[in-house]
Amino acid sequence: MKSLDTNFCSVFGIRYPVVLAGMAGGPSTPELVATISRAGGLGTLGAAYMTPEKIREAIRSIRKLTDAPFAVNLFISQMQTSTVPIERNVQYTLNQMRDDLGLPQKYDTSITITDNFDQQFAVLIEEKVPVISTAFGILSNRYRDQAKAAGVKLIAMATTVEEAILAEKAGCDAVVAQGMEAGGHRGTFDVSDQSMGANVGLFSLLPQIVDHLHIPVLAAGGIMDGRGLVAALALGASGVQMGTKFLTTIESGAHPAYKQALIKAKTEDVVLTTVFSGRPARGIKNRFMEHWEKIGVQPMHFPIQNSLTRDIRDAASAENNTDYMSLWAGQGVGILTQEQYAEEVFLEIVGEANRLL
Ligand SMILES: Cc1cc2nc3c(=O)[nH]c(=O)nc-3n(C[C@H](O)[C@H](O)[C@H](O)COP(=O)(O)O)c2cc1C
C-alpha cells in the first residue's frame with residue numbers, strides 16, 4: 001500500500017479514493033457534490049427524498065460546476081404507493097410533540113405513501129449520471145440492466161458480508177462496507193421486523209467483506225481524516241465514503257443549528273434510533289428521541305414514520321429548534337471543529353493520508 005491511486009480510482013475515473021456520501025434531506029448540495037468531484041474525489045447527491053424534477057435540476061447544477069464524475073444516491077424502494085392506517089398511539093405521541101411546538105393536532109387515521117422510485121431512476125438514466133449508488137438494498141434486474149446499458153457504474157451499501165456478496169452478484173462495481181459507527185440510516189437491506197439491523201464495527205466488518213469480494217470495497221463509518229483513510233486502506237479497502245465530516249462544511253446544506261449541534265456533540269451523544277423514520281439510523285440524542293423512548297410506543301415502518309414525523313421536523317427547523325430535528329451523525333463527531341470550506345477539508349484528508357503512506 002503505497003499510494004491513494006487504488007483500483008476504485010481507476011474503475012471510477014477519479015484521482016482520490018474518497019467518496020462524499022449522498023445525504024438525503026439536503027446536506028449534499030450540488031455545490032458540495034461538485035466541490036468534492038472537482039477536488040478529485042467522488043461527490044454524491046443524496047436524492048432519495050427529492051422529486052424527479054428536483055433531481056434533474058440538481059444534476060444540471062452539478063454539471064454546470066464540474067465535468068468530473070459524480071454519483072446520485074437513491075433508497076431502494078421500501079413500499080409501493082398505498083394508503084395505510086395510522087396507529088392511534090403513534091398519532092397520540094406525535095400530537096404531544098406538536099403541542100410542545102405549538103403545532104395543530106392531527107387526527108388523520110390513514111396516510112398515503114407515494115413511491116416515485118421509478119420516476120427518480122428514469123431521470124438518472126435520462127441525464128446519464130456517471131454513477132448510481134443505493135442504500136437499503138440493490139437494484140432489481142430491470143433497473144440494473146437499464147443502468148448497465150447506459151454505461152452507469154453502480155455502488156451499493158452493505159452492513160453484512162451476506163449483503164455485500166448479494167451486491168457483487170447483482171453486478172455492482174463497488175460496495176460500501178458500512179460499519180455501525182456510521183451517521184444516518186443503517187444500510188441494512190431488510191428491517192421488516194423493525195429490528196435495529198446488523199451493527200458490526202467497521203474494523204471487524206471491513207476485512208471480512210474484503211475477503212469475500214472481488215470488486216473494490218469502500219469503508220464507511222466514523223472516518224474523519226487521513227488517519228481513517230489510511231487505516232481503511234490497511235484493512236483492505238479501496239477507498240472510503242464519508243458523511244459526517246462534510247456536514248459542517250460551508251457548502252453543506254445542513255441547517256445552521258444542526259451544524260452547531262454537531263460541533264458541540266460528543267461521541268457518546270450519538271445513538272441509534274428508529275423513531276424519526278421507522279428505519280434504524282444514528283444521530284445525536286435529543287428530546288424527540290427521549291420523548292419517544294419515555295412513551296414506549298413502537299414507531300411505524302419506513303417510510304410511513306418518516307412521512308408522519310415530517311411536519312414536526314420541518315417546524316423545528318423553521319424555529320432553529322434542535323430538540324425536534326433529526327440530527328444524523330456518526331461516532332467520529334467529536335473530531336469536528338469549526339465550519340470550513342469543503343475543498344480545504346478534502347485536501348487536508350488526502351494530504352494527511354499521503355504523508356502517512
Ligand atoms: C446526514 C446523513 C445523511 C445520510 N444519508 C444517506 C443517504 O441518503 N443515502 C446513503 O446511502 N447513505 C446516507 N448516509 C450514510 C452514509 O452513506 C455513510 O454510511 C455514513 O455517512 C458514514 O459514516 P460517517 O457519517 O461517520 O462518515 C447518511 C449519513 C449522514 C451523516
Side-chain angles (χ1 to χ4, degrees), residues 18-29 32-33 36 41-50 55 58 71-76 78 120 131-139 154-159 163 167 172 174-189 197-202 205-206 217-225 228-229 231-232 237 239-249 252-255 258-259 261-262 265 267 270 272 276-277 279-284 302-303 306 313 325-336 345 349:
V18 177
V19 178
L20 163 75
M23 292 185 274
S28 47
T29 58
L32 179 55
V33 174
I36 300 305
L42 185 72
T44 309
L45 177 76
Y49 300 140
M50 292 166 77
I55 296 176
V72 180
N73 178 268
L74 293 179
F75 291 160
I76 295 297
Q78 299 287 300
Q120 290 178 317
V131 182
I132 296 176
S133 71
T134 57
F136 307 167
I138 44 182
L139 292 171
L154 299 176
I155 304 178
M157 188 157 74
T159 62
E163 289 172 356
C172 286
V175 162
V176 177
Q178 190 194 36
M180 57 100 76
E181 302 87 342
H185 281 103
R186 305 290 310 135
T188 313
F189 287 9
N199 287 291
V200 183
L202 185 61
L205 181 68
L206 178 59
V217 178
L218 301 172
I223 297 168
M224 302 298 280
D225 50 30
L229 169 52
V240 294
Q241 174 157 301
M242 298 167 69
T244 302
K245 179 72 181 187
F246 291 101
L247 281 173
T248 54
T249 58
S252 148
H255 191 290
Y258 173 20
K259 286 184 178 175
L262 284 161
T267 186
V270 297
L272 275 181
F276 285 104
S277 72
R279 276 191 68 102
R282 184 177 294 285
I284 303 170
F302 184 91
N306 198 55
R313 291 181 284 118
M325 295 182 197
S326 51
L327 305 170
W328 302 141
Q331 289 184 329
V333 71
I335 290 179
L336 288 170
V345 171
I349 295 165

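Keep in mind that the numbers below use all heavy atoms, side chains included, and drop hydrogens, waters and symmetry copies. Start at 1 and go down the list; that is how both ligands and their atoms are numbered.
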Enquirer: What protein heavy atom sits nearest atom 27 (O) of ligand 1, and how far away is it?
Expert: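 Nearest protein contact, heavy atoms only, for atom 27 (O) of ligand 1 is G243 N, 2.9 Å.
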Enquirer: Which atoms from ligand 1 have a heavy atom of A135 less than 4.0 Å away?
Expert: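 Every atom of ligand 1 under 4.0 Å from some heavy atom of A135: 10 (C), 11 (O).
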Enquirer: Taking the ring of W328 and the ring of Y258, is the distance between their centroids below 6.0 Å?
Expert: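 That pair fails the under 6.0 Å test.
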Enquirer: Who's closest to atom 10 (C) of ligand 1 heavy-atom-wise, of I223, L247, N73?
Expert: N73
Enquirer: Quick one: does ligand 1 sit under 4.0 Å from the side chain of M157, the backbone, both or neither, non-hydrogen atoms only?
Expert: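 Side chain only; the backbone of M157 stays clear of ligand 1.
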Enquirer: Regarding R279 and the six-membered ring of F136, is the cationic atom NZ or CZ under 6.0 Å from the ring centre and inside 45° of its axis?
Expert: yes
Enquirer: Considering the heavy atoms of G330, write down every atom of ligand 1 situated less than 4.0 Å from one of them.
Expert: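 The atoms of ligand 1 under 4.0 Å from a heavy atom of G330 are 26 (O).
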Enquirer: With a 4.5 Å limit on heavy-atom distance, are the side chains of D225 and I335 in contact?
Expert: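 Touching, per the 4.5 Å side-chain cut-off.
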Enquirer: Look at the aromatic rings of Y49 and F302 and report parallel, tilted or perpendicular, splitting at 30° and 60°.
Expert: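 Taking F302 first and then Y49, their aromatic rings sit tilted (interplane angle of 30° to 60°).
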Enquirer: My understanding is that we take every heavy atom of each candidate and find the minimum distance to atom 15 (C) of ligand 1. Doing that for A182, G184, G183, which one comes out nearest?
Expert: G183
Enquirer: Among all protein heavy atoms in this structure, tell me which lies nearest to atom 17 (O) of ligand 1, with the distance rounded to 0.1 Å.
Expert: Q241 NE2, 2.9 Å
Enquirer: Enumerate the atoms of ligand 1 whose separation from the nearest heavy atom of T244 is less than 4.0 angstrom.
Expert: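 Every atom of ligand 1 under 4.0 Å from some heavy atom of T244: 24 (P), 25 (O), 26 (O), 27 (O), 31 (C).
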Enquirer: When you measure from atom 6 (C) of ligand 1 to every protein heavy atom, which one gives the shortest distance, and what is it?
Expert: G22 O, 2.9 Å
Enquirer: Using 0.5 Å steps for rounding, measure from the CD1 atom of I155 to the OG1 atom of T44.
Expert: 6.5 Å
